[in-house]
Amino acid sequence: MSTNVAEKTKVNTRTLVQIGMLSALAIILMQFEIPLPFAPAFYKIDFSEVPVLIGCFSMGPFAGVLIELIKVILNVAIKGTMTMGIGDAANFLIGCAFCVPAALIYQKKRTKSGAVTGMVVGTMIMTILGCVLNAYILLPVYAKAFEMPLDALVSMGTEVNGAITGLMTFVLFAVAPFNLLKGILVSLIVFFVYKKIRQVLL
């Protein structure tokens with residue numbers, strides 16, 4: 001009995017350490033942002049979802065949610081927030097919308113095809129949720145936070161992408177491609193590095 005307790009304690013401790021390490025890596029990666037030519041300057045890609053997805057695949061979706069939550073909290077502590085936490089909450093939800101479905105599918109089919117299917121589904125869910133949140137919550141909140149009309153934000157998109165003429169085209173030609181590109185790039189990185197990293201985490 002005592003042996004089982006010791007083994008469980010060891011596993012729990014190792015899991016907590018791994019969550020801490022992946023969270024630290026996620027917050028570091030979150031600081032390196034890449035601007036995109038088809039979207040306004042406030043849309044920048046980072047690769048902080050890579051360690052989150054690795055945590056989801058190796059330890060399950062709950063661990064991934066914890067990593068995502070810690071990442072967002074630490075980012076607020078480091079950079080602060082200009083949206084009264086709403087943008088940060090949306091960041092958390094969109095990240096989970098990508099990683100959790102991918103992990104749930106991978107848990108049922110722990111193969112390369114299962115991982116690929118999970119990441120494709122996660123990318124699609126993240127893209128859809130990202131569009132909805134941006135159109136109805138994030139962009140209006142950003143406009144209010146920066147004390148400017150919503151049309152001014154849309155015009156920032158028009159300056160870099162002539163296809164953007166209103167809120168819906170902003171979402172269609174800036175937000176959707178942004179999330180699709182992020183999901184594809186993160187998925188590719190995880191696809192190629194997960195097997196090697198998993199050997200370290202086990």
Side-chain angles (χ1 to χ4, degrees), residues 23 25-53 64-102 119-189:
S23 299
L25 180 57
I27 190 60
I28 290 170
L29 291 174
M30 199 174 186
Q31 308 313 305
F32 297 93
E33 299 175 318
I34 304 171
L36 299 172
F38 56 80
F42 52 87
Y43 281 100
K44 297 178 182 178
I45 278 185
D46 66 73
F47 296 101
S48 61
E49 251 61 64
V50 170
V52 178
L53 187 54
V65 170
L66 283 179
I67 296 168
E68 185 74 40
L69 180 62
I70 294 169
K71 179 196 78 172
V72 171
I73 291 173
L74 288 177
N75 188 61
V76 172
I78 293 170
K79 289 186 172 181
T81 178
M82 299 187 71
T83 60
M84 298 170 288
I86 294 175
D88 307 291
N91 187 306
F92 170 75
L93 290 175
I94 293 172
C96 289
F98 172 52
C99 296
V100 171
M119 290 186 288
V120 169
V121 171
T123 297
M124 298 308 298
I125 293 175
M126 175 178 68
T127 300
I128 294 169
L129 182 63
C131 288
V132 172
L133 287 177
N134 272 272
Y136 298 105
I137 299 176
L138 285 183
L139 289 173
V141 167
Y142 282 132
K144 186 175 181 180
F146 290 104
E147 298 182 345
M148 62 172 66
L150 187 56
D151 288 344
L153 285 179
V154 173
S155 66
M156 291 173 67
T158 306
E159 290 177 6
V160 296
N161 188 343
I164 297 174
T165 57
L167 180 58
M168 289 301 106
T169 51
F170 188 104
V171 170
L172 183 62
F173 295 114
V175 178
F178 168 83
N179 284 295
L180 278 173
L181 181 61
K182 182 172 183 177
I184 290 169
L185 292 176
V186 169
S187 297
L188 283 173
I189 294 171

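Atom NZ of Lys144 has 12 or fewer heavy atoms from other residues, nucleotides or ligands within 6.0 Å.
The shortest distance between side-chain heavy atoms of Asn134 and Tyr43 falls below 4.5 Å. Side-chain atoms of Phe98 and Val186, non-hydrogen and from C-beta on, do get closer than 4.5 Å to each other. Side-chain contact between Met126 and Leu180 is absent, with no heavy-atom pair separated by less than 4.5 Å. Side-chain contact between Thr165 and Thr158 is absent, with no heavy-atom pair separated by less than 4.5 Å. You'll find the side chain of Lys182 reaches within 4.5 Å of the side chain of Asp46, heavy atoms only. Counting heavy atoms from C-beta outward, Leu150 and Tyr142 have side chains that stay 4.5 Å or more apart. Contact of the Leu53 side chain with the Met119 side chain is registered, since non-hydrogen atoms from C-beta on lie closer than 4.5 Å.
Contact detail for Ala97 and Leu129: the closest heavy-atom pair is CB-CD2, 3.6 Å. Shortest non-hydrogen contact noted between Leu29 and Pro51 is CD1-CD, 3.7 Å. In plain terms, the two heavy atoms of Ala152 and Met148 that are nearest each other are CB-SD, 3.9 Å. Minimum heavy-atom separation, Ile164 to Gly157: CD1-O, 3.6 Å. For the pair Val171 and Ala135, the tightest heavy-atom approach, listed with the atom from each and the gap, is CG2-CB, 3.7 Å. Taking each heavy atom of Phe38 and Phe178 in turn, the nearest pair found is CE1-N, 3.8 Å.
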**OP:** Run the numbers on Leu153 and Met156 for side-chain contact (heavy atoms from CB on, under 4.5 Å), then give the verdict.
**Re:** CA-CA 5 Å; Leu153 285 179; Met156 291 173 67; 4.0 Å; yes

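Taken to the nearest 0.5 Å, the CG atom of Leu74 stands 10.0 Å off from the CE atom of Met30. The structure places CG of Asn161 at 11.0 Å from CG of Leu36, a figure rounded to the nearest 0.5 Å. Note that OG1 of Thr123 is 10.5 Å distant from CG of Leu181, once rounded to the nearest 0.5 Å. Within the model, atoms CG of Asn75 and CD1 of Ile73 stand 11.0 Å from one another, a figure rounded to the nearest 0.5 Å. We find the OG1-CD1 distance between Thr127 and Ile94 to be 9.5 Å, quoted to the nearest 0.5 Å. Here OG of Ser48 is found 9.5 Å from CG of Leu25. Values are rounded to the nearest 0.5 Å.
With Phe170 as the fixed residue, the side-chain contact (heavy atoms from CB on, under 4.5 Å) test singles out one of Ser155, Cys131, Pro40: Pro40.
Residue pairs meeting the salt bridge (charged side-chain N to carboxylate O under 4.0 Å, His left out) criterion with at least one partner in residues 67-78, sequence neighbours excluded, are Glu49-Lys71, Glu68-Lys71.
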